[in-house]
Structure formats: structure tokens, C-alpha cells
Amino acid sequence: MKRRVLALCSAAAVAMTACSSGQDTAPTTAPVQESATEAETTAAETKEETTAAETESSAEAEISGTFEGTGSGFGGELQLKVTVADGKMEDIEVVSHHESSVVFNRALPVITERILEAQSPEVDSVTGATFTSYGVKAAVAEAMKEAGVDFGDITLATQGPAAEQVQGEDVHTQLVIVGGGPAGLGAAITAKENGLEDVLVVEKLDILSGNGKFDLNFYDVFNSEAQKANGVEDSIEKFIEDMKDAGNTPERLQVWAEGESVIDAWLRSFGVELNHNYGGRNHMKDKDNYAGEAIQDGMEAQAQKLGVEIRTGTKGTDLIFDGDKVVGVTVESKTEKYNIMADAVIIATGGFSWNKELLEKYAPGYEVLNTSNQMGATGDFVPVFEKYGFKLEHMDTIRVIPTILIPSRDLTNSGAGSVYVNGDGQRFVNERLGGLEMGTAILDQDVTWMVVDTKKVEDNANVRKQVKGGKFLEAGTLEELADLMGINKENFVKTIEEYNKNAEEGVEDEFGHTPERALLPEGPYYASRIESAVHMTKGGVAANEHAQILREDGSVVEGLYGAGEVTWQSGGYSQSVVFGRISGQEAAAYIQGN
């Protein structure tokens, strides 16, 4: 414990002073006698200090019981209990929290293990779950203070002791995959299914998956069981026709279509069932459960079952070449830098939505927006691709989500029945505008609120989940809602009345918007602060239909594959999984000489 350690260090410092005094040599008897007296005095003080420290240590060692603490996580207050036995933290139990389950369930085992191993909340946060980690660490510190052990203030900057980073030995494997998101896991599972024995995934964050685990919709999927049950007729030919102008080569479009036609069956082969088809090619687990969480849980479990080696907290930093052939990657963790030598490499590190510098360089203007993507989307391999002369495509193509909740950054529905007002209670933009123009219009306001009614909650799974999770203000009347929002009440009520009148009469308003429907005449009503956000950087390194990465001249980089948002892709989530599977299959065939 921190307090005990400090006490022992203090005693040790006094003891060292005593020893130093005893080594002095005196020329006469009198000074020797005086020196002896000082030594005796110092020794006595040292004994007292040591006795006090031992008493304190003994007292702490006798602490046993269960102590409670609270902290503030990403979603609000977090409560937990710490079980202490003979002065040692034995268990951490979370009593309540409001964190996202897809993050919390992955981060909690990591952060609790670190705390229990260190016997202190002064440990590194789980990357990818910084606020959740802070909440747990602060709650543990408060619980231990109740137990009589004060670790001082825990802040977002609190971390564990610095570690020396050393050069480690080379690691050898058949296939190394850089990135543990949907594309990377899809590649790893498929490579295993295609006969590879040694498959290694490295992920720079401490938990797996990119943005996929948060996604409501697994879209572009067809020939699914849910589609069939819903009476939706679809085919490879129809998919190709629909996507013919999306920017893919004919060959890449063909394999994408074929991959989408079997992705549902592949997921079901290891227990992931997307049983809710809500029109076209849109899929959820069921009406009230997002696709992303189910898919991520299932792929992680399948990768583990198949024996894929996964190293989190390990960042890929560069490629290793033998002539023109890629034969490995350099990686680093907190304590080591080392090489992973492999017969083939797959890069699946995601896009650069989180990297303001790369956004400003490749898509000027978008860097001012927030992002709904996860913190790992920093484009780590873009400079690597530039360095080696690989082809980058469509780097200025950005997908903007019209509305995310603030501060949680949850994607929310921006369709019919959503009214945007500023701090004056007035509308200022066409709610269906979208893109960078919408994003900057929102940023020009002091604050922007999205207002919805109960029909919106009933009709939209994400809004319904967010209201249930307490992420919207709720009031019985518009006047009460205005008070909660802290905006001009008179303007707000008048604004909604005008919006409803335009909807009922089918009139286009001053912003060029004809409301699809009026808000219901009776509450409750709901409101949340919103912004627009960069959701995906669609551009990336060029890859062919075999997921092989290409140079500027169009030639293939031998031994190197790419999948997911790190590559140029016209689609999104399901396309990442499809080309993850293609990269795993093609890399396995290359390694096996097929």
C-alpha cells in the first residue's frame, strides 16, 4: 500500500543517516564521545521510526472487510466493492454502472487484474476504455480510503510506473495480422479454417475490436435467413447492379458480392444469429439488440476456440522486407520492441478518423468535426504506406454521421421526427442536410439539441436504447423540456408549433425542408445534445480482389494483404468482415503454396 511504503522508506532513510555518522573518524576523545552520543540519539530515533512503521504496517496488515467506493465513468456514476483480507485487496466487485457493455465487459477484467496485481489503483488505464478505467480506479481508491489506506487523488492522468522498453527476441509465425477489429478477426478465423496452424493477431489497444462492436446495423448483407423470413428477394446480380457505381473494380465488386451472400451462413456456423431484417440488407441481432455486439462476441469466442494467438497492447509500427517481399512487422508494447517474422502479413488497422493531422492533410475541413469512431483509428500505417510508395485511394472521401449524442458520442437516428434547436430554442438548419455542411452549421451554434417524441422512441432501436440508458432528457411537456434544456422556452414552443404546421400542410420551410411528420401533440418528449461526426475515412491503401496491397504502379506487394477501413472500401462494417475473410483465405493459400 502506498502509505506503508512511504513509511518504510522514511525509516530506511534515517537508518542510512545513522550509518553514515558512525563512519566519521575523530582526532580526540571528546569529539568521539560527542559523536557517540549523536549516534545513540539517531539510533533511538531510528528505532522509534521503525517501530512506528512496523506498527502501522501491522495495523494495515490486519485490515479485513468489504469497502465501497464510487467513481465517474464514461456513462456516469460507477459503484463497486473491494474485498480486503489481512491488508490485501482480494476482489473487486462492481455493484452498478452505466458504461457501454461492449467496452465495460472487455475492460473490467483487465483493469481489475492490474489493480489487484499492483495492490494499488495507480495503474495504467485500459486503452480503448480510458474513462471506464478512471471510474474503476477512482472507486477503488475511495473504497481503500474507507479502509484506512489513502492513495491520494486519482485523475485521468494517473498511470502505473514507467517501464523500460527493451529490444526483445524475434517471434516467428505463419501469419501475422495487425489489428484486432472485425476485419482482423475475420481474417484470423478464416485463415485457421483454411488450415494454418500459427496465426497471430496484434492489437495496439488493450481490448479488441474497432467501431464494429458499437454498430446497430450489419448492412449490405443478403441471402440471409432473416431476409428470407422477411420475404426479401435478393441476389448477387442485384447487389452488383446496386453497387456498380460505388467505386470498386469489377473484380473486387464480384468477390464482395459473393462474400456478402455467404456472410450470414458463416456467422451462424459459430452461433452468431442476426434474426432481425428491417428492410433491404439491414440486419440486427433482434429488434432491440445491436448487431455489432453479437458479432464481436461471437468472433472473439471463435478465434479463441480455434487457437488464434492474440496479443493486445501491442502496436504494429513498420513492415519488414526481404527484397520486395514483406516478411514481417515490427511491433512494440509498453516493455518491448521486437520483430514478428511471418510468411505473410495482413494489415487491418482501421482508418484515421481520430487523427486530426491526417484529416487536415487528406480531407481539409473535416478535422474540425468530432468523431464517432474509436480512439484506435489514428491511421498508424498511412505513413508506412507513403514511405514505401504504396497506392492510396480516395483519401478525401469521408463518411459523416449527421448526429451523435454529446458527450457519449453514440450514433443516433436523425430521420423523421427529429427537430434540431439551438440555445435560443430556434431551428437553424435543414435536419436532413448531412455532411460537412451540417457539421459546421451545428458547430456554429452555442449548443444544438435534438428533440424527439415517443413515436421516435418506439420506431428506432438506437433512440429507444439511448432513452432507456438515460442519455436523453425527458419531460411531459415542451415547456418542461425547455426548462431542462436551459433554452428559451417561448421560442422553443413556437418553433415546434411551426414545424408541426409545416409537416401537416406539407410545406417546405425556410431551410428547404418539408418535415416528414409532426411531433405528437402530447408528451413525453425527449432531448439530447448532438453534433455531427466523422464516422469513417473511406479512403485508404489500394487492394485488389485478392486483398493484396498494391504499389503506386499497380503491382502487387508480395506477402502483404489489407482488409477493412485501412483500405479504400465503398461500404463499411460487413465489407470489412468480407474482405477480412478474403485476406485470410488468400494469405493461407499463399503460405501453403496453393
Side-chain angles (χ1 to χ4, degrees), residues 100 214-221 224 226-227 229-232 274-294 372 400-406 408-421 427 429-434 438 448-478 480-481 484-485 492 495-506 509 513-533 535 572-573:
S100 168
F214 300 111
D215 278 4
L216 174 147
N217 183 12
F218 200 55
Y219 60 94
D220 291 335
V221 176
S224 68
Q227 249 194 348
N230 209 21
V232 177
L274 304 179
N275 291 321
H276 181 53
N277 167 243
Y278 58 107
R281 299 178 179 122
N282 300 306
H283 291 73
M284 293 171 59
K285 179 181 179 182
D286 54 53
K287 185 178 179 181
D288 291 305
N289 287 287
Y290 287 16
E293 185 169 354
S372 58
V400 173
I401 289 292
T403 50
I404 60 169
L405 303 185
I406 299 298
S408 67
R409 297 190 300 115
D410 290 34
L411 276 65
T412 197
N413 185 278
S414 57
S418 300
V419 184
Y420 303 168
V421 299
R427 291 178 61 235
V429 73
N430 179 343
E431 283 85 352
R432 304 310 292 271
L433 182 61
M438 168 71 89
T448 298
W449 294 90
M450 181 173 79
V451 179
V452 301
D453 58 11
T454 53
K455 180 171 174 51
K456 183 80 168 187
V457 176
E458 292 168 1
D459 290 348
N460 293 276
N462 50 6
V463 176
R464 187 163 59 249
K465 181 176 181 179
Q466 290 154 6
V467 166
K468 189 179 296 185
K471 294 181 179 181
F472 276 73
L473 301 177
E474 178 179 350
T477 67
L478 292 172
E480 291 169 348
L481 187 63
L484 291 177
M485 294 156 68
F492 176 58
T495 292
I496 299 302
E497 289 174 349
E498 291 176 352
Y499 182 91
N500 286 346
K501 182 180 178 181
N502 289 339
E504 290 162 359
E505 297 178 356
D509 60 34
H513 176 49
T514 304
E516 294 87 345
R517 69 171 181 84
L519 299 191
L520 297 177
E522 295 183 355
Y525 301 102
Y526 309 87
S528 178
R529 287 178 54 215
I530 59 165
E531 286 183 12
S532 296
H535 185 56
Y573 187 10

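In what follows, residues are counted from 1 in the order of the sequence shown.
- Here the shortest heavy-atom pairing between G476 and E480 reads N-OE1, 3.1 Å.
- For S528 and Q466, the side-chain atoms include no donor-acceptor pair closer than 3.5 Å.
- Judged by the 6.0 Å distance and 45° axis criteria, K456 is not positioned over the aromatic ring of Y526.
- Salt-bridge check for R427 with D509: passed, with a basic side-chain N closer than 4.0 Å to an acidic carboxylate O.
- Taking CG from L216 and NE2 from H283, the interatomic distance works out to 12.5 Å, rounded to the nearest 0.5 Å.
- When side chains are defined from C-beta on, I530 counts as touching L405, because their heavy atoms get closer than 4.5 Å.
- Residues E431 and E516 are not in side-chain contact: their nearest non-hydrogen atoms beyond the backbone lie 4.5 Å or more apart.
- Counting heavy atoms from C-beta outward, L274 and V221 have side chains that stay 4.5 Å or more apart.
- The minimum heavy-atom distance linking G417 with Y499 is given by the pair N-OH, 4.4 Å.
- Looking at N500, its side chain never comes within 3.5 Å of a backbone N or O of A518 through a donor-acceptor pair.
- Residues passing the side chain to side chain donor-acceptor pair (under 3.5 Å) test with N275 are R268, E273, sequence neighbours excluded.
- With a 4.5 Å cut-off on side-chain heavy atoms, K285 and E293 do not count as touching.
- Looking at heavy atoms from C-beta onward, N462 lies out of side-chain contact with D410 at the 4.5 angstrom threshold.
- Between F492 and L481 there is a side-chain heavy-atom pair separated by less than 4.5 Å.
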For this session: Show your working on side-chain contact (heavy atoms from CB on, under 4.5 Å) between T412 and K471 and close with a plain yes or no.
Result: CA-CA 11 Å; T412 197; K471 294 181 179 181; over 6 Å; no
Problem set entry | Residue pair D453, R517: steps toward the salt bridge (Lys or Arg N to Asp or Glu O under 4.0 Å) verdict | CA-CA 11 Å; D453 58 11; R517 69 171 181 84; 2.9 Å; yes
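- Scanning for side chain to side chain donor-acceptor pair (under 3.5 Å) contacts around N217 gives Y278, N282, with sequence neighbours left out.
- A donor-acceptor pair is defined here as one N or O able to donate and one able to accept, closer than 3.5 Å; such a pair exists between the side chain of R464 and the backbone of E458.
- In this structure, the side chain of N460 does not engage the main chain of N413 through any donor-acceptor pair within 3.5 Å.
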For this session: Begin with the C-alpha distance, continue with both residues' side-chain angles, and end with the deciding distance and a verdict on side-chain contact (heavy atoms from CB on, under 4.5 Å) for W449 and L473.
Result: CA-CA 10 Å; W449 294 90; L473 301 177; 3.6 Å; yes
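- Interatomic distance, L478 CG to Y525 OH, rounded to the nearest 0.5 Å: 4.5 Å.
- Closest non-hydrogen pair, I401 versus S372, comes out as CG1-OG, 4.2 Å.
- A 4.5 Å side-chain heavy-atom check between E474 and P524 finds at least one atom pair inside the cut-off.
- Here the NZ atom belonging to K465 is positioned 7.0 Å from the CG atom belonging to N289, to the nearest 0.5 angstrom.
- Distance OG1/T403 to CE/M438: 8.0 Å, rounded to 0.5 Å.
- In this pair, Y573 and F218 present their aromatic rings perpendicular. The plane angle is above 60°, beyond the 30 to 60° band.
- E505 CD: more than 12 foreign heavy atoms inside a 6.0 Å radius.
- Contact annotation: the side chain of R409 never approaches that of E531 to less than 4.5 Å [non-hydrogen atoms, C-beta and beyond].
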